[in-house]
Participant: 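This is the structure I want to talk about, given as structure tokens.
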Amino acid sequence: MSQLRLYNTLTRRLQPFVPQEPGKVKMYHCGPTVYQRPHIGNYRAFLFADLLRRTFEASGLEVLQVMNLTDVGHLVGDADEGEDKLDAQARKEKVDPWQIVATVSEQFFQDLEALQIRPAHHYPKATDHIEEMVAQIEVLLEKGHAYRVGDNVYFDVHSFPDYGRLSGNKVADLEAGARVEVNQEKRHPADFALWKSDPRHLMKWKTVFGEHGFPGWHIECSAMSMKYLGDSFDLHTGGEDNVFPHHECEIAQAEGVSGKTFVNLWMHTKFLQVDGGKMSKSLGNVYSLDDLEQRGFEVLDFRFLVLRAHYRASVNFTWKALQGAAEARKNLHDFRGRLQAQLRGPAMQAEAGEHSGPARKAFWDALHDDLNTSAALAALFELRNAYTQKGMEATEAADALDLLNLADDIFGLFDQESADSGDLPDPEIDALVEERNQARRNRDFARSDQIRDQLAAAGIVLEDGPEGTLWHRA
RNA sequence: GCCGGCAUGGCCAAGUGGUAAGGCAAGGGAUUGCAAAUCCCUCACCCCCAGUUCGAAUCUGGGUGCCGGCUCCA
């Protein structure tokens, strides 16, 4: 079988994936800032993390996965420049920020479940790890990577020569391009905050750095990832917006503390676009999972839409595109149903030919080529075409079904609930189908249509063909 | 202004030098007691311009458009 190769943002090339510890993968994903419900764009990144997880697991690797919850506000960097989002949201809603965190987190986990994203092994919260952050900052101070100005602590980017390697930014260029007012107390404009103090902040902690402090944006991720995964681990992912400054700063902090290579492989997903441009509140196209359902779609249709595109290409989200994805997903689901039906039913006439083997190879080759999900999905549809055009004998059909189930295991295509919880047991359906055919032979169409309606109500699709009637669950 | 990425049919989307995967939609046909489902057929020369090459969607240069970043603030 081909070997898995992944694109590393750090080296800007594809490289074979080799876990540090054979058979095991340790990875960390930048999770949501829980100040408001994540939108579908955020979920693209989380779906990508899940795709990695499932691909590894389907390959027989043991995965240890951590995703943080940022529950202390930071700049996220849009129009609200200069505001702590959690803090601002709390003031706006006139509620305790901790309440917002609780509400949004709960919503987030419900969304993950709806998307059939496998739960990470840890979801550490920033506010539960203030101690670890402070400890790292103290080490950075000791080692000369950080300096203190009053009750604030900054990372000295000149103390870390690799700063800028991930993003390709040069410290000198950053200085030249800075559009934000220079903070005069920093030694260099590119230095970033590790700890800040402000009595007016709603969420604040008393530490060695003073009475009213709160952590800088980046330190939580190095503190938490190293706590749960060690000084050095395999994979770290996030949206493309995280490359700089967030991940750049994480590397500086983590390697500044440990002196070891922090992460071997950095992966980033492109942003989801909406109607050819970026999502924005002013255009009213920042959608949540609820918006999809209100338009009559299933959450999994969105999952499928995202997986139809390569993770490093921007996906254009439109309602029309989602409709197309929903239809395609349904067709794949029906294909699986037909394979199941065939295996239950009488032997099928089929041309000799082997389709599942090549499809399986194409599927894995595509996935191994930097998770080329659209090509992997195409292999499935080609298998379906081979089936409809030439038919398959039982062993071949069983093999095809097995491949579809593997694809479902990796992509999370089908609703797990409905997959095996039909209202009617198979023998009963078979009996009804037989009764209907008998009625049709007797031209008792009232009775046959009645049975058809009954089965349709139970979610059973009938296919009347020249060689008899096949059924599958919708 | 600076750095980086992308641009494929009505829509979504693979494809990085050898002559355009796949899906959705659409049109035509078959099948059917009616219907559904199903089946068959049709449907692109790859943003523009100029180059390199026997040959480019794929490489180079220049446009145009879209996307990300340019770092903690009050």
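Here is how names work: the chains are called A, B, and so on, in the same order as the sequence lines, proteins then strands, and each is numbered from 1.
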Participant: Where the side chain of A:Asn372 is concerned, which of B:A74, B:G15, B:C34 is the nearest nucleotide?
Facilitator: B:G15

Participant: Any side-chain N or O of A:Lys196 less than 4.0 Å from the OP1 or OP2 oxygen of B:A74?
Facilitator: no

Participant: Taking the P atom in each of B:C48 and B:G10, what is the distance between them to the nearest angstrom?
Facilitator: 13 Å

Participant: Under 4.0 Å from OP1 or OP2 of B:C66: is there any side-chain N or O of A:Gln273 that close?
Facilitator: no

Participant: Report yes if the side chains of A:Gln136 and A:Glu132 come closer than 4.5 Å at any heavy-atom pair, otherwise no.
Facilitator: no

Participant: When rounded to the nearest Å, what value does the distance between C1' atoms of B:G15 and B:G22 take?
Facilitator: 11 Å

Participant: According to the Watson-Crick and G-U wobble definitions, with both distances under 3.5 Å, which nucleotide is paired to B:U31?
Facilitator: none

Participant: NA contact type, A:Phe271, heavy-atom cut-off 4.0 Å: base, sugar-phosphate, or nothing?
Facilitator: sugar-phosphate

Participant: Is the distance from OP1 or OP2 of B:G10 to the nearest side-chain N or O of A:Lys320 less than 4.0 Å?
Facilitator: no

Participant: Check every strand shown and say whether A:Ser167 touches a base, only sugar-phosphate, or nothing at a heavy-atom separation below 4.0 Å.
Facilitator: nothing

Participant: Ignoring backbone atoms, establish whether A:Asn169 has a side-chain N or O less than 4.0 Å from OP1 or OP2 of B:U71.
Facilitator: no

Participant: If I pick the P atom on B:U60 and the same atom on B:C6, what distance separates them, to the nearest angstrom?
Facilitator: 11 Å

Participant: Looking at side-chain heavy atoms only, is the closest gap between A:Glu435 and A:Arg447 below 4.5 Å?
Facilitator: yes

Participant: Taking any heavy-atom pair under 4.0 Å as a contact, classify A:Leu377: base, sugar-phosphate, or nothing.
Facilitator: nothing

Participant: In whole angstrom, give me the gap between the P atoms of B:A36 and B:G29.
Facilitator: 15 Å

Participant: Would you mind reading off the distance between A:Gln389 atom CD and B:A30 atom P, rounded to a whole angstrom?
Facilitator: 20 Å

Participant: Taking only the side-chain nitrogens and oxygens of A:Arg338, find out if one of them lies under 4.0 Å from OP1 or OP2 of B:C39.
Facilitator: yes

